[in-house]
Amino acid sequence: SSGINAEYGEFQTFQHYFIQINLSRMDIVIELSGGAELLFDGKKRHEVSLPEEGWTLAKLLPWIRDNLLQERPELFMQGKTVRPGILVLVNDADWELVGELDYTLQRGDSVLFISTLHGG
């Protein structure tokens, strides 16, 4: 019986540790459309788990550039923001309504980048 209690105690410790790890991650969805996905190897949806909380869109953009973008960063970013012609929606709302680069991401947020830049 004491062996079972010892094993259960170890499981509780593991379970507590696992929950703490999950709570310290920021899970969001990044979506790309209108041709922006072509810069990301054609992948339109990225489910990402960011380390810790406190992510703003200003912090997310360079992370996207460094971790997801596959080619031609100049077509996605200009300086510290997205290039003109790329619309940004946070949970289906224009990012201008939520504070643009200052918006603090929440768990489960969806950030959509839509390119309006088309060759002709």
Side-chain angles (χ1 to χ4, degrees):
S1 168
S2 64
I4 292 173
N5 285 338
E7 288 176 18
Y8 182 70
E10 288 176 16
F11 175 73
Q12 280 185 317
T13 302
F14 170 75
Q15 189 176 27
H16 180 73
Y17 178 71
F18 181 73
I19 290 169
Q20 280 188 326
I21 289 173
N22 281 344
L23 291 178
S24 68
R25 307 286 302 175
M26 174 69 67
D27 295 330
I28 64 166
V29 175
I30 296 168
E31 296 180 282
L32 303 131
S33 184
E37 70 276 9
L38 299 175
L39 303 173
F40 295 81
D41 205 26
K43 190 172 177 187
K44 290 187 171 213
R45 181 178 172 91
H46 301 261
E47 294 180 12
V48 300
S49 184
L50 302 168
E52 87 259 348
E53 293 184 358
W55 283 76
T56 61
L57 287 175
K59 186 175 175 181
L60 181 66
L61 288 177
W63 186 91
I64 291 172
R65 180 195 61 218
D66 297 342
N67 294 280
L68 298 178
L69 189 65
Q70 297 295 311
E71 58 184 87
R72 313 236 2 229
E74 71 278 4
L75 294 181
F76 181 70
M77 288 186 68
Q78 183 174 311
K80 295 181 186 252
T81 190
V82 290
R83 178 185 165 126
I86 295 183
L87 304 177
V88 183
L89 301 180
V90 178
N91 302 321
D92 298 323
D94 189 320
W95 76 328
E96 291 178 3
L97 301 175
V98 297
E100 296 185 348
L101 293 171
D102 294 330
Y103 175 75
T104 300
L105 291 163
Q106 306 296 313
R107 270 191 194 87
D109 275 354
S110 172
V111 184
L112 170 62
F113 298 92
I114 304 170
S115 175
T116 62
L117 307 168
H118 300 282

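Remember, predicted model here, so these are calculated numbers, not experimental data.
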Peer 1: Taking L68's backbone N and O only, do any of them form a donor-acceptor pair with Q70's side chain (distance below 3.5 Å, no angle check)?
Peer 2: yes
Peer 1: Ignoring hydrogens and geometry, is there a side-chain-to-backbone donor-acceptor pair from D94 to E96 under 3.5 Å?
Peer 2: yes
Peer 1: Is a donor on one side and an acceptor on the other found under 3.5 Å between the side chain of D27 and the backbone of G108?
Peer 2: no
Peer 1: When clusters are formed by joining ILVMFWY residues with side-chain heavy atoms under 4.5 Å apart, either directly or through shared neighbours, do L87 and L57 land in the same one?
Peer 2: no
Peer 1: Going only through I, L, V, M, F, W and Y residues with side-chain contacts under 4.5 Å, is there a path from F40 to I114?
Peer 2: no
Peer 1: Below 4.5 Å, heavy atoms only, C-beta onward: do P51 and R25 meet side chain to side chain?
Peer 2: yes
Peer 1: Are the side chains of Y103 and L60 in touch, meaning some heavy atoms are under 4.5 Å apart?
Peer 2: no
Peer 1: Is there side-chain contact between K80 and L61, with at least one heavy-atom pair below 4.5 Å?
Peer 2: no
Peer 1: I'd like to check T56 versus L101 (side-chain heavy atoms, cut-off strictly below 4.5 Å). Are they in contact?
Peer 2: no
Peer 1: At their closest point, which heavy atom of L112 faces which heavy atom of S33, and how far apart are they?
Peer 2: CD1-CB, 4.2 Å
Peer 1: Got more than 12 heavy atoms from elsewhere within 6.0 Å of CG, D92?
Peer 2: no
Peer 1: Keeping the roles fixed (side chain from R45, backbone from V29), state whether a donor-acceptor pair exists under 3.5 Å.
Peer 2: no
Peer 1: Measuring only between side-chain heavy atoms, which start at C-beta, is W55 closer than 4.5 Å to T104?
Peer 2: no
Peer 1: Do E37 and K43 have side chains that approach each other closer than 4.5 Å (heavy atoms only, starting at C-beta)?
Peer 2: no
Peer 1: State, yes or no, whether a side-chain contact exists between V82 and W95 at a heavy-atom distance under 4.5 Å.
Peer 2: yes
Peer 1: Is there a path of hydrophobic side-chain contacts, each under 4.5 Å between heavy atoms, that joins V111 and L38?
Peer 2: no
Peer 1: Is there a side chain to side chain contact (heavy atoms under 4.5 Å, CB included) between R107 and M26? Walk through the geometry before answering.
Peer 2: CA-CA 5 Å; R107 270 191 194 87; M26 174 69 67; 4.0 Å; yes
Peer 1: Does L89 belong to the same Ile/Leu/Val/Met/Phe/Trp/Tyr cluster as M77, with side-chain heavy atoms less than 4.5 Å apart forming each link?
Peer 2: no
Peer 1: Quick check for you: to the nearest 0.5 Å, what is the distance between L69 atom CG and W63 atom CH2?
Peer 2: 11.5 Å
Peer 1: Heavy atoms, side chains only, cut-off 4.5 Å: are L32 and L39 in contact?
Peer 2: no
Peer 1: If you take all heavy atoms of S115 and A36, which pair is closest and at what distance?
Peer 2: CB-N, 3.7 Å
Peer 1: Rounded to the nearest 0.5 Å, how far apart are CD1 of I28 and CD of Q106?
Peer 2: 11.0 Å
Peer 1: Closest heavy-atom contact between S110 and E31?
Peer 2: OG-OE1, 3.0 Å
Peer 1: Give a yes or no answer on whether the side chain of R65 reaches the backbone of E74 with a donor-acceptor pair at less than 3.5 Å.
Peer 2: no
